[in-house]
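Contents: one structure, followed by commentary.
As the structure is a prediction and not an experimental result, all values here were calculated from the model. Along the sequence shown, residues carry numbers from 1.
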Amino acid sequence: LCVNSNAGTLNETVLRVDGEPFFPVGTWGGAPEHCASMGMNTILMGVPKDAEGIESFRGQMHRCAELGIQVVPFLGFGGANPDAWTPEEVRRAAVLANEPNLLAWYLGDDVYETGLVGVRETADLLAELTPDIPKTADYIGDFSNELARDVYGNHLDINASYSYPVPGDDPANDPSLLNYFAFFTLLVAMGEPRWTTLQCFQWNRHSDRYNLGHGD
């Protein structure tokens with residue numbers, strides 16, 4: 001696993017930022033100030049494709065740095081956006097690699113089998129352009145697919161699962177937790193050590209149940 005030498009280092013399986021152990025806790029989007037007020041230290045934000053937008057994005061990264069927040073830029077591929085970024089667009093975004101709080105690249109959300117080749121091509125290009133920065137994407141398909149196992153086992157550094165491990169009234173039989181046990185078993189089969197991201201809550205699905213995002 002490559003870890004961005006600017007944002008963090010991996011020392012004996014411990015991720016460290018500024019020399020201290022770092023456990024990323026964050027959210028997709030949102031105001032950096034709001035994330036910081038909730039004790040979060042990481043934020044995932046979509047990167048614009050044009051040069052002017054990227055410089056505006058850089059300013060947002062600077063604000064995050066002031067608040068002690070690491071940034072995971074999202075290249076907006078997957079799900080309803082089936083077309084991978086062009087090499088020119090990827091190269092344009094890669095200029096952000098010199099920002100000290102760029103923790104990892106996120107190459108796709110809800111990627112289906114039809115998007116696997118695009119993810120692999122983007123990952124390989126970024127491996128050339130920014131070799132020290134890890135790459136991740138989340139896959140909504142079946143990992144029995146040989147191409148999926150190749151992309152997520154050999155071209156990405158961090159695996160992301162589509163499941164949300166939120167315990168129900170019977171945690172021992174909760175499908176979301178069982179899905180994650182299967183996912184971790186798969187990671188072991190793909191070779192260790194492996195890093196993964198866990199999607200813990202959806203505001204629209206769990207906010208009422210867990211009283212999240214309510215109040216002043």
Check your understanding: Donor-acceptor pair, Trp105 side chain versus Leu126 backbone, under 3.5 Å?
Key -> no
Practice item. Run the numbers on Leu116 and Asn145 for side chain to side chain contact (heavy atoms under 4.5 Å, CB included), then give the verdict. Key: CA-CA 10 Å; Leu116 289 171; Asn145 180 300; 4.1 Å; yes
Exercise for review: Identify the two heavy atoms, one from Ile133 and one from Asp157, that lie closest to each other, and give their separation to 0.1 Å.
Suggested key: O-OD2, 4.2 Å
Point to revise | Shortest non-hydrogen separation from Thr130 to Ala94 and the atoms involved | key: CG2-O, 4.0 Å
**Study point:** Asp110 side chain near Asp138 side chain, heavy-atom distance below 4.5 Å
**Key:** yes
Exercise for review: Could you tell me whether the side chain of Leu147 reaches within less than 4.5 Å of the side chain of Glu113, counting heavy atoms only?
Suggested key: no
Point to revise | Evaluation steps, side chain to side chain contact (heavy atoms under 4.5 Å, CB included), between Thr136 and Leu156 | key: CA-CA 6 Å; Thr136 185; Leu156 295 175; 5.9 Å; no
Check your understanding: Which pair of heavy atoms, one from Tyr139 and one from Ala148, lies closest together, and at what distance?
Key -> CE2-CB, 3.6 Å
Exercise for review: Determine the minimum heavy-atom distance between Ala36 and Leu67, stating which atoms define it.
Suggested key: CB-CB, 4.2 Å
Check your understanding: Are any of the side-chain nitrogens in Glu146 or Arg149 under 4.0 Å away from the carboxylate oxygens of its partner?
Key -> no
Point to revise | Of all pairs that satisfy salt bridge (Lys or Arg N to Asp or Glu O under 4.0 Å), the ones with a partner from residues 38-60, not counting sequence neighbours | key: Lys49-Glu89, Glu55-Arg58, Arg58-Glu99
Point to revise | side chain to side chain contact (heavy atoms under 4.5 Å, CB included) assessment of Met45 paired with Val71 | key: CA-CA 7 Å; Met45 301 190 301; Val71 176; 3.8 Å; yes
Review point. If you count the non-hydrogen atoms of other residues, nucleotides and ligands that lie under 6.0 Å from NE2 in His34, is the total more than 12?
Key: no
Exercise for review: Search all heavy atoms of Arg120 against all heavy atoms of Asp150 and return the closest pair with its distance.
Suggested key: NH1-OD2, 3.5 Å
Check your understanding: Side chain of Asn41, backbone of Val25: donor and acceptor closer than 3.5 Å?
Key -> yes
Practice item. Please report the shortest heavy-atom distance between Ala93 and Trp85, naming the atom on each side. Key: CB-CZ3, 4.0 Å
**Study point:** Full working for side chain to side chain contact (heavy atoms under 4.5 Å, CB included) between Glu33 and Arg63
**Key:** CA-CA 9 Å; Glu33 293 80 5; Arg63 177 54 180 154; 2.8 Å; yes
Revision key, fill the gap. Interatomic distance, CE@Met40 vs OG1@Thr27, rounded to 0.5 Å, equals 5.0 Å
Review point. CE/Met61 to CD/Gln70 distance, rounded to the nearest 0.5 angstrom?
Key: 8.5 Å
Exercise for review: Using side-chain contact (heavy atoms from CB on, under 4.5 Å) as the criterion, list what pairs up with Pro87, not counting sequence neighbours.
Suggested key: Leu125
Review point. Looking at NZ of Lys135 and CG of Asp124, how far apart are the two atoms once the value is rounded to the nearest 0.5 Å?
Key: 8.0 Å
Point to revise | Ile43: which of Asn101, Ile69, Leu103 passes side-chain contact (heavy atoms from CB on, under 4.5 Å) | key: Ile69
